[in-house]
Amino acid sequence: MAKHPFSHQPPYFYGMTDMYMQMGFYPYPGQTAEEHPDANVDIPLPTAMAMQCKYYLGQTVPLTAGGGTSAWAALVNPLRSEVHLFVNEYVITNRSAAYPAEAQLWFGKAASLGNPTVSQFVTPGFVQLSPCPQPQGQIVYDTGSLSMNGTASATRVVSPSSSVAAEKTGHWILGPGTALLFYFPGEGEAVDLIVSLGWWEQPMYR
């Protein structure tokens with residue numbers, strides 16, 4: 001009797017889940033150890049932090065600046081937080097349809113901000129039924145003059161009905177007792193602005 005054309009192949013149970021491949025055992029039918037697929041997976045750091053319940057994002061309420069009144073918003077790391085805040089991104093939105101807005105970015109001491117309003121619009125980046133811990137970092141905001149004890153590091157101009165965004169991917173780090181401030185001067189026409197921020201938190205290692 002002639003041999004079946006596929007009789008030289010090792011036995012294989014078609015239709016069953018290939019447990020050999022899933023468990024990493026070799027050899028299995030049709031593949032050798034030299035053909036092991038690349039198992040490396042690149043996960044962005046913000047994604048990894050979100051998976052560990054360490055990533056947070058939020059925004060302020062609409063703030064009115066101009067017409068003689070200044071406004072500001074800040075990401076604050078409280079003095080005794082025992083964590084570092086790694087700024088991932090920020091967005092400044094100008095809701096005015098007619099006038100641009102100027103934003104000054106400052107780094108300095110959180111104590112110089114006084115007693116601002118703490119935003120309630122903050123959430124973990126990992127949304128699940130078993131909630132993540134509350135963040136140590138806070139988004140705060142207020143209007144009026146401010147004596148910021150720090151350094152102005154950048155200025156942004158936001159066109160009408162548009163947003164300015166920047167992704168820092170953790171390059172800006174806030175230690176306990178410090179803040180990243182967005183200051184909107186009172187000069188010019190009045191505009192409505194919203195500041196949004198995303199960051200992750202890591203414990204301090206001494």
Side-chain angles (χ1 to χ4, degrees), residues 46 49-50 55-79 81 84-125 127 134-201:
M49 292 296 101
Y55 190 93
Y56 302 92
L57 65 156
Q59 67 174 31
T60 65
V61 299
L63 305 171
T64 300
T69 301
S70 59
W72 55 270
L75 175 62
V76 172
N77 189 358
L79 182 59
S81 68
H84 285 129
L85 307 190
F86 294 78
V87 180
N88 183 53
E89 61 183 347
Y90 70 82
V91 182
I92 306 170
T93 299
N94 180 5
R95 306 203 310 170
S96 170
Y99 305 108
E102 177 183 324
Q104 300 174 6
L105 278 65
W106 289 69
F107 289 93
K109 296 182 179 180
S112 63
L113 301 179
N115 296 300
T117 302
V118 178
S119 175
Q120 300 303 307
F121 301 107
V122 176
T123 180
V127 181
Q134 291 297 310
Q136 293 294 324
Q138 297 176 329
I139 296 177
V140 301
Y141 57 89
D142 206 345
T143 57
S145 60
L146 177 67
S147 297
M148 180 61 178
N149 185 1
T151 303
S153 60
T155 300
R156 300 286 185 267
V157 175
V158 189
S159 301
S161 299
S162 66
S163 298
V164 168
E167 188 171 355
K168 310 314 298 180
T169 59
H171 296 165
W172 294 353
I173 306 173
L174 302 179
T178 65
L180 166 61
L181 175 78
F182 300 82
Y183 180 74
F184 306 102
E187 294 80 7
E189 300 294 335
V191 294
D192 286 338
L193 303 138
I194 294 176
V195 177
S196 307
L197 289 144
W199 74 95
W200 71 81
E201 303 182 355

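Remark: T123 pairs with no residue by the side chain to side chain donor-acceptor pair (under 3.5 Å) rule, at least two apart or across chains. Taking the ring pair (Phe, Tyr, Trp, His ring centres under 6.0 Å) definition, one finds that F182 meets it with Y90, sequence neighbours left out. With sequence neighbours left out, S153 forms a side chain to side chain donor-acceptor pair (under 3.5 Å) with no residue at all. Remark: Q59 pairs with no residue by the side chain to side chain donor-acceptor pair (under 3.5 Å) rule, at least two apart or across chains. Partners of T143 according to the side chain to side chain donor-acceptor pair (under 3.5 Å) rule, which considers only residues two or more places apart in sequence or in another chain, do not exist here. Under the ring pair (Phe, Tyr, Trp, His ring centres under 6.0 Å) criterion, F121 pairs with no residue, sequence neighbours left out. Here F86 pairs with W200 under the ring pair (Phe, Tyr, Trp, His ring centres under 6.0 Å) rule; sequence neighbours left out.
The two residues P62 and I194 make their nearest non-hydrogen contact at CA-CG1, 3.9 Å. Nearest heavy-atom pair, T64 versus A190, reported as atom, atom and distance to 0.1 Å: CG2-CB, 4.3 Å. Taking all atoms of both residues into account, the shortest heavy-atom contact from P116 to W72 is CB-CH2, 3.4 Å. Listed here is the closest heavy atom pair of G137 and P78: CA-CD, 4.4 Å. Among all heavy-atom pairs drawn from A179 and V76, the shortest one is CB-CG2, 3.9 Å. Residues T69 and G144 approach most closely at CG2-N, 4.5 Å, considering heavy atoms.
Judged by distance alone, with hydrogens and angles left aside, the side-chain atoms of Q136 form no donor-acceptor pair with the main-chain N or O of E201 at under 3.5 Å. Not one N or O on the side chain of N77 forms a donor-acceptor pair closer than 3.5 Å with the backbone of T178.
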Please table the atom pairs, donor to acceptor, closer than 3.5 Å between any side-chain atom in residues 94-101 and protein atoms at least two apart or in another chain.
unit_1 : atom_1 : unit_2 : atom_2 : d
N94    : OD1    : S96    : N      : 3.0
N94    : ND2    : Y99    : O      : 2.8
N94    : ND2    : V158   : O      : 3.3
N94    : ND2    : S159   : O      : 3.4
S96    : OG     : A98    : N      : 3.2
S96    : OG     : Y99    : N      : 3.1

Atom pairs and distances, donor-acceptor, side-chain atoms in residues 103-114, under 3.5 Å, two or more places apart:
unit_1 : atom_1 : unit_2 : atom_2 : d
Q104   : OE1    : W106   : NE1    : 3.4
Q104   : NE2    : E102   : OE2    : 3.1
S112   : OG     : K109   : O      : 2.8
S112   : OG     : N149   : N      : 3.4

Derivation of the side-chain contact (heavy atoms from CB on, under 4.5 Å) call for L63 and D192: CA-CA 5 Å; L63 305 171; D192 286 338; over 6 Å; no
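Inter-residue side-chain proximity for L180 and L174 is flagged as met; some heavy-atom pair is nearer than 4.5 Å. Side-chain contact between I139 and W199: present, with at least one pair of heavy atoms (C-beta onward) separated by less than 4.5 Å. Counting heavy atoms from C-beta outward, P124 and Q134 have side chains that stay 4.5 Å or more apart. By the 4.5 Å heavy-atom criterion applied to side chains, Y56 and L197 are not counted as neighbours.
Atoms CD and CG, from E167 and N88 in turn, are 5.5 Å apart once rounded to the nearest 0.5 Å. Here Y141 contributes atom OH and S119 contributes atom OG; the two are 5.5 Å apart, rounded to the nearest 0.5 Å.
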